[in-house]
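Contents: one structure, followed by commentary.
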Amino acid sequence: MARVFISHATQNVAIATHIRNWLEGDHEIFLEVHPEDGIQVGEAWRERLHHELRRADAVVCVVSQASVTSSWCNAEIAIADALGTLLLPVQLDGVIHPLIGHLNHIPHATARGHLEKALRRFDTGGRKLAKDQEPFPGLDAFSTALSAVFFGRDAETRALARKVRRGPGLLAVVGPSGCGKSSLVRAGLLAQLADDPRWLVMPPWLPGNDPLDALARAVRKTAARAGLGWTLRETKDRLVLDGLRGVAQELVDEDRRLLITIDQAEELFTRAGEKDRQIVASLLKDALADNVRVVATLRSEFLDDLRTLPELGGVHLGSYVLAPLAREVLNIVITGPARVAGLKVHPELVALLVEDTASGEALPLLAFTLQHLAMGVPRGGTLSSELYEHLGGVHGALARHADDVLDSAVAETGMSKEELLARLAALATLDHTGRPTRKRVSPAQLDTYARAALEVFVRHRLLTASGDKQGRWIGVAHEALFTEWRPLRGAIEERQIGLRAARSVELDASQWIEGERADHLLLNEDTFAAVAPLVANDDLSPDARRFLTVSRNRIHTLRGQRRRDRRRTVSWLAVFLVAAIGAAGLAAFQWHNASVDRDRATARALVAQAQVARTSSPRLALRLGLTAHALAPSQNTRTELATTLHGSSGEPANLFTHACEVAAGGLSPLEWQQYVPELDYRDTCALAA
């Protein structure tokens, strides 16, 4: 139900009242002169008008000559246009309002049908369920084509549309997995703006492993709708050369706005490489102007990552938090789509579904169960609780269907259940909380058997396949498959050691990138040896794979450097040893020669002193001579010693009386042998005699 503001000049009150009566009941109408819900006596009318204008989803403008000249009518139209509110001009007397001359004006005589149709389109996207189209999307999100059966989020759709219309910048729609973020944007917001002539809506795109390619494909489709036959290569070239801002200027003029929608934007951080993320973020920042808006659906835990992206610095980043659907609204979520499809739902079944769904986070399981309950039921038929119990309830329906598909895949491919489950488990990775989360892979990365096996699951809607030959990916339809189907949950648990190791590498890679790829942030040899064998290449993002490669190369470089250092050290040690031995020998030789020269010089000095003391103190002369001979024995010291022993100046000096004692100079035989080992003690005594 849309909120409608009727803008009119005082002279046109009667016509404005007629219009209110046309729309009353189906919409919430504000007419300032209405006695019940208009501006009351004594109320601050300016503030009330501004308040109602900000709340309005649509403004019906009664255009007359009086309204064109009315300053307040002009102000109301200008404010509504600036807020991006839907403007619906109703024309009197053929007058065109100059402020909104680019919009189609409907004559008052035929306005009722046009207004009802426009507001109905606003509420439901203006679409009906196509013939034979299923009213429940299963594990997939509601698409724009299913807007007619998208129930339970009317208030959220209006609030989100107001935020987008009033901008500016980037708006993140955040909430837990499974709460319906993608459905709200696709079947709510985009359906509401798709037929608004003032908006050009780009089809939603998922970043995946190559966000630039995904963006280029969405731009190419939008250009085709605008009559521009760009090829994919040409579109990418334009994005690189002109930027997204330049491309947007070619797609819309100043009277139109371009809406860019990124679905599951957390893939910018979980799947895309750093360089690709930087390029796309820079393109988005450059494009964000007055006539460009960006909406991104994002799991709550990644909001801070988006806010701290350096490439989005300075961008106004708003957020719209989507809470899980309230329990009391689940009834209309079940019965509304069934009513549009011409189906009845037994009240007992409604009660069971509400009870088993428990919370709004289980919406994908609820839609999946309803999809299977409605299969084969003709228009006018009833969805019963008996079939629901046969399916096994909300959780059992998914598990039972998955078991059947697994059996079919075994029969078609010849692979064992264990092999197939291992292939499916490879579609899971772990988020930073350790919870299994979806990971899409390219069929080009799979072998023939794996592709054939996964195609069976795609055909039965447990997996989704998107893209084309140049960019196709496969992933689970919803993460509920990881937790609600026990065989796959077990296969994922068996891989958890590898997945946790991959998650650890992802965190280390992020720190390495944030640290400007410093070498000290790479894995050391022991950590690399422990982690590398556990992780599969497909479980890592491009940044993490690059981090592992650089770590491996660094380890090999360090190993080689250590080997070279060891060889160099051994060589230098050998050189030093030889040099040390040589130096030691030379030093010993030089020291020996120096000692000999020193002793000879000392002996010569002692002999000279002995010669002087020989006459006055034969005993001192004898000691000096003995010391000289002990230091440097030579013929000279021997001759000098003998001369001293025979006395001097012709005086025997009693040497012959105590020959041995005097000859020994008071030395014992042992001391004599120590000082003059070359002279025999007895011979010396005889010589002295």
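This chain uses plain numbering: 1 for the first residue, then up along the sequence.
Proximity of a side-chain donor or acceptor of K181 to a complementary backbone N or O of T297 within less than 3.5 Å is not detected. In this structure, the side chain of D276 does not engage the main chain of D210 through any donor-acceptor pair within 3.5 Å. A distance-only check finds no donor-acceptor pair linking the side chain of R220 to the backbone of R233 [under 3.5 Å]. At distances below 3.5 Å, not a single donor-acceptor pair connects side-chain atoms of T261 with backbone N or O atoms of P204. Between the side chain of R256 and the backbone N or O of P197 there is at least one donor-acceptor pair closer than 3.5 Å. R293 contributes a side-chain N or O that, together with a main-chain N or O of V164, makes up a donor-acceptor pair within less than 3.5 Å. Judged by distance alone, with hydrogens and angles left aside, the side-chain atoms of E267 form a donor-acceptor pair with the main-chain N or O of G208 at under 3.5 Å. Distance alone, capped at 3.5 Å, is enough to place a donor-acceptor pair between the S408 side chain and the D404 backbone. Although no hydrogens or angles enter the test, the distance criterion places a donor-acceptor pair under 3.5 Å between the side chain of S147 and the main chain of T144.
Residues D286 and G243 come closest through the heavy atom pair OD2-CA, 4.4 Å. Of all non-hydrogen atoms in V405 and F457, the two that sit nearest each other are CG1-CD2, 3.5 Å. Taking every heavy atom of both residues into account, L427 and F482 meet most closely at O-CZ, 3.6 Å. Contact detail for I334 and F136: the closest heavy-atom pair is O-CZ, 3.8 Å. Across every non-hydrogen atom of A248 and V292, the tightest pair is CB-CG2, 3.8 Å.
Annotation: salt bridge (charged side-chain N to carboxylate O under 4.0 Å, His left out) contacts involving residues 182-191, sequence neighbours excluded, comprise R186-D263.
Taking CG of L212 as the start and CZ of R277 as the end, the distance is 14.0 Å to the nearest 0.5 Å. With values rounded to the nearest 0.5 angstrom, I262 atom CD1 is found 9.5 Å from L298 atom CG. Within the model, atoms OG of S319 and CZ of R307 stand 5.0 Å from one another, a figure rounded to the nearest 0.5 Å. If you take CG on L284 and CG on L268, they are separated by 8.0 Å, rounding to the nearest 0.5 Å.
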* Residue pair D154, R158: steps toward the salt bridge (charged side-chain N to carboxylate O under 4.0 Å, His left out) verdict -> CA-CA 6 Å; D154 293 345; R158 288 197 301 271; 5.4 Å; no
* Start with the C-alpha gap between H401 and F368, add the side-chain angles, then the distance that decides, and say whether ring pair (Phe, Tyr, Trp, His ring centres under 6.0 Å) holds. => CA-CA 10 Å; H401 178 60; F368 176 85; 5.5 Å; yes
* Any chance you could lay out the salt bridge (charged side-chain N to carboxylate O under 4.0 Å, His left out) test for R245 and E250, step after step, and finish with the verdict? => CA-CA 9 Å; R245 187 188 189 96; E250 294 192 59; over 6 Å; no
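The shortest side-chain heavy-atom distance between L353 and L370 falls under the 4.5 Å cut-off.
Counted within 6.0 Å of CZ on R486, heavy atoms from surrounding residues, nucleotides or ligands total 12 or fewer; the atom is thus considered open. Within a 6.0 Å radius of NZ in K344, other residues, nucleotides and ligands contribute 12 heavy atoms or fewer.
Taking a cutoff of 4.0 Å between a charged side-chain nitrogen and a carboxylate oxygen, D81 and R198 qualify as a salt bridge.
With sequence neighbours left out, the salt bridge (charged side-chain N to carboxylate O under 4.0 Å, His left out) criterion links D305 to no other residue. With sequence neighbours left out, the side-chain contact (heavy atoms from CB on, under 4.5 Å) criterion links R339 to F151, I332. By the salt bridge (charged side-chain N to carboxylate O under 4.0 Å, His left out) test, E266 is found to be paired with no residue, residues two or more places apart in sequence or in another chain being considered. Take R400 and apply the salt bridge (charged side-chain N to carboxylate O under 4.0 Å, His left out) test, not counting sequence neighbours, and it matches no residue. Annotation: salt bridge (charged side-chain N to carboxylate O under 4.0 Å, His left out) contacts of E234 (sequence neighbours excluded): R238.
Partner D57 forms a side chain to side chain donor-acceptor pair (under 3.5 Å) with one of H27, R162, R3 and no other, that one being R162.
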